[in-house]
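Per chain, numbering begins at 1; letters A, B, ... match sequence-line order.
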2 protein chains.
Amino acid sequence: MRVKTAQLRKGTGLGQAKRIASSGHIPLPRGGSAHAAVAEALGTRIVRGEFPPGGILPNEARWALDFRVSRSVVREAIKMLAAKNLLTSRPKVGSRVEPREHWNLLDHEVLAWYTSGPNRANILRSLQQFRHIIEPEAAALAAEYRSAEQMEQISIACQRMATAPNLAERSAADVRFHVEILKASGNELLLPLGVMIDSALKNLFVLITVEAGDLHHAQDLHNNIEKAIRQQKPNAARVAVRKLLENSDNMIGKWIGKGTRR
Amino acid sequence: MRVKTAQLRKGTGLGQAKRIASSGHIPLPRGGSAHAAVAEALGTRIVRGEFPPGGILPNEARWALDFRVSRSVVREAIKMLAAKNLLTSRPKVGSRVEPREHWNLLDHEVLAWYTSGPNRANILRSLQQFRHIIEPEAAALAAEYRSAEQMEQISIACQRMATAPNLAERSAADVRFHVEILKASGNELLLPLGVMIDSALKNLFVLITVEAGDLHHAQDLHNNIEKAIRQQKPNAARVAVRKLLENSDNMIGKWIGKGTRR
DNA sequence: TTGTCTTATTTGTCTGACAATTGCGGGAGT
DNA sequence: ACTCCCGCAATTGTCAGACAAATAAGACAA
């Protein structure tokens with residue numbers, strides 16, 4: 001965070017209130033670099049719908065005033081958002097928010113902004129549903145095409161899950177287990193997608209682990225997956241993963257049922 | 001393109017050849033804005049493996065010299081690549097290329113750079129495989145949860161495919177058909193993912209359409225999908241989509257078999 | 001050998017200026 | 001009154017130079 005302490009510009013009582021107010025000083029979250037902070041602030045507000053798709057947002061100079069940063073910083077932030085397809089910029093017209101279907105929702109930053117917003121329940125549901133689509137097929141592909149080394153990695157992760165001394169390490173091994181399966185699937189796109197899903201559901205993940213009173217059962221489910229892949233039985237792998245997901249669905253159901261508000 | 005004609009810096013015979021050569025003038029593709037051009041140039045070279053993951057790339061000043069642009073432009077380009085997780089920057093150390101599994105492969109620009117590179121066959125194979133995983137389930141979900149309006153849109157697209165006067169319009173209707181199904185699936189992540197896949201396979205798409213001597217057959221396959229979703233039969237929808245994909249697999253096989261090099 | 005200090009390099013930020021683009025309104029011509 | 005063209009102004013795009021901050025690497029002392 002490089003924002004100067006002093007350097008308060010004088011009044012700037014320029015008459016505006018044209019398109020959107022957005023007046024006054026907006027404090028930036030401390031800790032990172034300024035452009036990242038601005039990008040996060042803008043990105044969050046866009047994703048939350050504060051600036052509707054198709055709309056024009058305030059110009060760079062205005063943001064510079066509001067955030068008390070230079071225009072360079074604002075520009076770099078806007079370029080980052082443009083790289084995520086949240087908006088496009090054109091001279092004279094400004095930066096226009098793209099329609100939602102153009103947004104790169106698969107970007108983990110965008111996803112994080114999304115899950116911090118109002119309709120996070122909706123997106124979390126979509127994510128879990130996504131796992132049902134992706135993971136059984138990934139396991140089936142892994143069972144079919146895995147190499148010996150990849151199998152080795154999967155087994156290591158599985159064993160580490162079983163012998164983990166605490167929940168944190170167990171959760172880490174769990175993620176590793178998933179990732180290794182995705183790697184073994186041989187599909188280059190499955191890996192980043194799976195990583196993205198896992199990191200987005202990370203919170204959910206540890207909660208499930210905590211909630212699972214019956215760790216033995218959960219471990220059995222994982223062992224079954226490992227075995228199916230080891231024996232190169234795609235269908236068995238599919239079924240085993242479905243069982244595991246079913247289990248975690250139940251955990252989520254319990255968790256929601258418990259009335260865990262926010 | 002805003003690069004000045006004049007303004008040729010003098011010699012700059014500074015001794016270096018430190019990490020990577022990259023000396024001399026690198027011309028930028030004409031047509032867009034400078035930062036977009038630089039981002040594309042750098043992104044392409046990174047994705048193609050010219051700068052290996054974990055490596056440090058030349059500093060901003062150097063790129064500014066090589067591309068004959070200001071450092072601001074280089075910085076904005078680098079920020080765009082950082083937003084796609086291709087690299088991270090830290091003071092004093094420079095910009096380091098991230099490991100490939102961190103790259104946002106689901107970004108359509110990154111994907112485009114990828115498909116223009118050497119191992120495009122590999123990535124195209126992964127994409128088509130992806131369709132086998134995604135689309136049947138999407139259609140099943142659509143069959144289950146579609147609204148009346150969504151069904152209407154799907155039918156319209158299907159009919160428009162049948163009555164299209166030329167290949168271009170037929171291809172457009174085809175894409176629309178897919179997108180409407182994804183929308184009807186009710187999963188917010190399926191839509192952007194599907195759009196991304198379709199746009200990446202666009203070229204492949206039209207080729208398939210061209211290649212398909214038997215348009216009637218292809219249309220029947222689409223009609224079956226439409227019917228299954230209309231009748232809200234998820235399993236039938238899954239099967240119908242699988243048939244369609246099988247057909248397009250065959251077309252791709254034929255096309256490759258024909259010896260279409262390059 | 002180890003810990004600390006200095007230094008050099010690189011990104012980060014600020015500032016001010018000008019260029020390029022283009023939506024919009026006003027004026028000329030019919 | 002209507003249409004077309006042109007200049008204006010607002011906004012992003014680009015440039016240049018300066019300084020701040022961070023930190024890796026080497027120098028030096030204990």
Side-chain angles (χ1 to χ4, degrees), chain A residues 1-10 12 14-20 22 28 30-39 42 55-83 87-97, chain B residues 1-10 12 14-16 18-20 22 28 30-39 42 55-82 87-97:
Chain A
M1 187 49 112
R2 222 66 76 70
V3 181
K4 298 296 183 42
T5 57
Q7 187 188 358
L8 30 147
R9 272 97 166 174
K10 48 299 271 284
T12 77
L14 46 91
Q16 22 51 324
K18 262 277 193 64
R19 324 212 213 205
I20 302 177
S22 129
L28 249 43
R30 314 270 162 158
S33 46
H35 55 256
V38 171
L42 288 183
I56 303 285
L57 31 83
N59 63 37
E60 296 172 349
R62 166 135 298 277
W63 288 121
L65 290 178
D66 287 351
F67 287 122
R68 305 261 212 273
V69 295
S70 68
R71 191 158 80 97
S72 322
V73 168
V74 174
R75 281 186 60 77
E76 287 176 8
I78 286 182
K79 285 293 160 295
M80 290 198 283
L81 299 182
L87 50 83
T88 56
S89 298
R90 286 173 56 199
K92 162 70 184 179
V93 44
S95 294
R96 159 172 282 118
V97 178
Chain B
M1 189 48 109
R2 222 70 75 68
V3 181
K4 296 295 183 44
T5 57
Q7 186 188 353
L8 31 146
R9 271 98 167 173
K10 50 296 275 271
T12 77
L14 47 89
Q16 21 53 320
K18 262 279 193 62
R19 325 212 211 201
I20 302 177
S22 127
L28 249 43
R30 314 271 162 162
S33 46
H35 55 256
V38 171
L42 287 183
I56 302 284
L57 34 83
N59 64 36
E60 296 171 351
R62 166 133 298 274
W63 287 121
L65 290 178
D66 287 350
F67 286 124
R68 304 262 210 273
V69 295
S70 66
R71 190 157 80 97
S72 321
V73 168
V74 173
R75 282 186 59 78
E76 287 176 8
I78 286 182
K79 287 293 161 293
M80 290 199 284
L81 299 183
L87 49 82
T88 56
S89 298
R90 286 174 56 200
K92 164 72 184 180
V93 44
S95 295
R96 160 173 282 117
V97 178

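- Rounding to the nearest 0.5 Å places OG of A:S33 at 12.0 Å from CZ of B:R90.
- With a 4.5 Å cut-off on side-chain heavy atoms, A:W63 and A:V38 do not count as touching.
- Separating the CD atom of B:E76 from the P atom of C:dT13 is a distance of 13 Å, rounded to the nearest angstrom.
- Atom CD in B:E60 sits roughly 16 Å away from atom P in C:dT9 (whole-Å rounding).
- If you take NZ on B:K79 and OG on B:S95, they are separated by 6.5 Å, rounding to the nearest 0.5 Å.
- Distance check, rounded to the nearest 0.5 Å: NE2 of B:H35 to CG of B:L42 gives 13.0 Å.
- The distance from atom CG of A:N59 to atom OG of A:S89, rounded to the nearest 0.5 Å, is 11.0 Å.
- Side-chain contact between A:V69 and A:L28 is present, with heavy atoms from C-beta onward closer than 4.5 Å.
- We find that CZ of B:R68 is positioned 17 Å from C1' of D:dT14, with the value rounded to whole Å.
- Each of B:R71 and A:N59 was assigned the nucleotide of DNA chain D with the nearest heavy atom; the assignment lying further toward the 5' end belongs to A:N59.
- Nearest-nucleotide positions on DNA chain C place B:A61 closer to the 5' end than the other of A:V73 and B:A61.
- From one end of the helix from C:dT1-D:dA30 to C:dT30-D:dA1 to the other, with five pairs defining each end axis, the axis direction shifts by 0° (rounded to 10°).
- Of all heavy-atom pairs spanning A:M80 and A:A39, the tightest one is CE-CB, 3.4 Å.
- To the nearest angstrom, P of C:dT10 lies 14 Å from CH2 of B:W63.
- Remark: A:R62 CZ to A:R71 CZ distance equals 14.5 Å, nearest 0.5 Å.
- Atom CG of A:L65 and atom CD of A:E60 lie 12.0 Å apart (nearest 0.5 Å).
- Checking C:dG12, D:dT12, D:dC15 against the side-chain heavy atoms of B:S70 singles out D:dC15 as nearest.
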Under 3.5 Å, which N/O atoms of the protein pair with N/O atoms of nucleotides 24-28 of chain D?
unit_1: D:dA24; atom_1: OP1; unit_2: B:R90; atom_2: NH2; d: 2.8

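- Rounded to whole Å, the distance from NZ on A:K79 to C1' on C:dT13 is 17 Å.
- Atom CZ of A:R75 and atom C1' of C:dG16 are 15 Å apart (whole Å).
- Residues B:S72 and B:I78 each lie close to DNA chain C; by heavy-atom proximity, the contact nearer the 5' end of the strand is made by B:I78.
- Separating the NE2 atom of A:H35 from the P atom of C:dT11 is a distance of 12 Å, rounded to the nearest angstrom.
- Taking atom CG of B:L57 as the reference point, atom P of C:dT10 lies 12 Å away to the nearest angstrom.
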